[in-house]
Amino acid sequence: MLQPLRRSFYNRPTLTVARELLGARLVHMLNGVRLAGIIVETEAYIGEADLACHAKAGRTARTAIMYGPPGHAYVYFTYGMHWLLNAVTETENSPAAVLIRAIQPVEGIEIISARRHGRGTNGPAKLTLALGIDGAQNGLDLCDPASGLWIEPGHPIPEKSVTIGPRVGLNSVPEPWKSMPWRFIVSPNQQA
DNA sequence: AGCACGATGCTCT
DNA sequence: GAGCATCGTGCTT
């Protein structure tokens, strides 16, 4: 088993982390079994000034984790039924995170497929359900294997295979935040 | 292939 | 009380 990405990986500008998480391997231990997928889509949410970022409301019970040290999981509940997974980035008191939006399953594929009733893992709420990630994982240290949730190095994705564009689902977020090109995708035809 | 809509409950105003 | 970093269904092209 590879070592989880170290805290120094997350303690960098959020756009850098979001870009470099493409191709990395997200791992969750569920009932003693490794469930894992290659990250193929991410989005950056950066600080209180970013009106799309939850930290725009300042430090609250929900956002506190983003104000903590980098390399921790920020898992939140939305739309009354979905859990979304983020990796906290940048130094303490600098609230920012990378949303994991899609994975390509590589380990525990049978279990993942069953948990999804045969459907895909190309969505932020789809992959959390697939890997068994929910509020119980909020705040876990992604740099400590004992947490059961971490990210391992993968194959680097070349620039020509990456598509960059605006973040999605920000319907009532004002400009310029709504259109900032802070979404990173491994081009669909490059996803093995 | 694409759009409209309902589900369902937490967070912040 | 409004809005939400979404998803699946069902209907229209």
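Chain naming here is simple, since letters A, B, ... match the order of the sequence lines and numbering starts at 1 in each.
A:I185 and A:L15 fall into different hydrophobic clusters, defined by Ile, Leu, Val, Met, Phe, Trp and Tyr side-chain heavy atoms under 4.5 Å apart, directly or through other members. If you chain together hydrophobic residues whose side chains sit under 4.5 Å apart, A:I164 and A:V40 fall into the same group.
Checking A:T163 against A:S187 by side-chain atom types alone, a donor-acceptor pair falls below 3.5 Å. If you check the side chains of A:T91 and A:S94, you find no donor sitting under 3.5 Å from an acceptor. Under 3.5 Å, the side chains of A:W177 and A:E175 contain no donor-acceptor pair of N or O atoms.
Contact between the side-chain N/O atoms of A:K126 and the OP1/OP2 oxygens of C:dG8 is found at a separation under 4.0 Å.
Scanning DNA chain B for stems, defined as runs of 3 or more consecutive Watson-Crick or G-U wobble pairs whose donor-acceptor distances all fall under 3.5 Å, gives the following ranges: B:1-7 with C:6-12, B:9-12 with C:1-4.
Taking every heavy atom of residues 35-70 of chain A and every atom of DNA chain B, pairs under 4.0 Å involve A:T60, A:R62, by number. Only A:R116, A:R119, listed by number, bring a heavy atom of residues 108-119 of chain A to less than 4.0 angstrom from any atom of DNA chain C. For DNA chain B, the residues of residues 76-99 of chain A within the heavy-atom distance limit of 4.0 Å (strictly under) are A:F77, A:Y79, A:G80, A:M81, sorted by number.
Shown here are the ring pair (Phe, Tyr, Trp, His ring centres under 6.0 Å) partners of A:W83, two or more places apart in sequence or in another chain: A:F77. Residues that satisfy the side chain to side chain donor-acceptor pair (under 3.5 Å) test with A:T14, not counting sequence neighbours, are A:T89, A:E90. In this structure, the side chain to side chain donor-acceptor pair (under 3.5 Å) partners of A:R7, at least two apart in sequence or on a different chain, are A:D141.
Screening A:L35, A:N31, A:L131 against A:I111 for a side chain to side chain contact (heavy atoms under 4.5 Å, CB included) leaves a single residue, A:L35.
Side-chain contact between A:R59 and A:N93: present, with at least one pair of heavy atoms (C-beta onward) separated by less than 4.5 Å.
Atom-to-atom, CZ of A:R167 to P of C:dT6 comes out at 12 Å; the value is rounded to the nearest Å. One interatomic measurement links the two molecules: CG of A:L127 to P of C:dA5, which rounds to 16 Å at whole-angstrom precision.
Judged as a salt bridge (charged side-chain N to carboxylate O under 4.0 Å, His left out), not a single pair has a partner in residues 115-135 of chain A (not counting sequence neighbours). Screening residues 62-72 of chain A for salt bridge (charged side-chain N to carboxylate O under 4.0 Å, His left out) gives no qualifying pairs among residues at least two apart or on separate chains. For the side-chain hydrogen bond (donor to acceptor under 3.5 Å, both in side chains) condition, the pairs that include at least one residue of residues 64-74 of chain A, sequence neighbours left out, are A:E48-A:Y67, A:H54-A:Y74.
With a cutoff of under 4.0 Å to any heavy atom of chain A, the contacted region of DNA chain B is bounded 5' to 3' by B:dA7 to B:dC12.
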Distance-only criterion, 3.5 Å: show the donor-acceptor pairs between side-chain atoms of residues 19-26 of chain A and protein atoms not counting sequence neighbours.
from	atom 1	to	atom 2	distance (Å)
A:R19	NE	A:E159	OE2	3.2
A:R19	NH2	A:I157	O	2.6
A:R19	NH2	A:E159	OE2	3.0
A:E20	OE1	A:R12	NH1	3.2
A:E20	OE1	A:R12	NH2	3.0
A:E20	OE2	A:R12	NH1	3.4
A:R25	NH1	A:E107	OE2	2.5

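In this structure, A:R167 does not pair ionically with A:E43, as no charged nitrogen and carboxylate oxygen lie closer than 4.0 Å.
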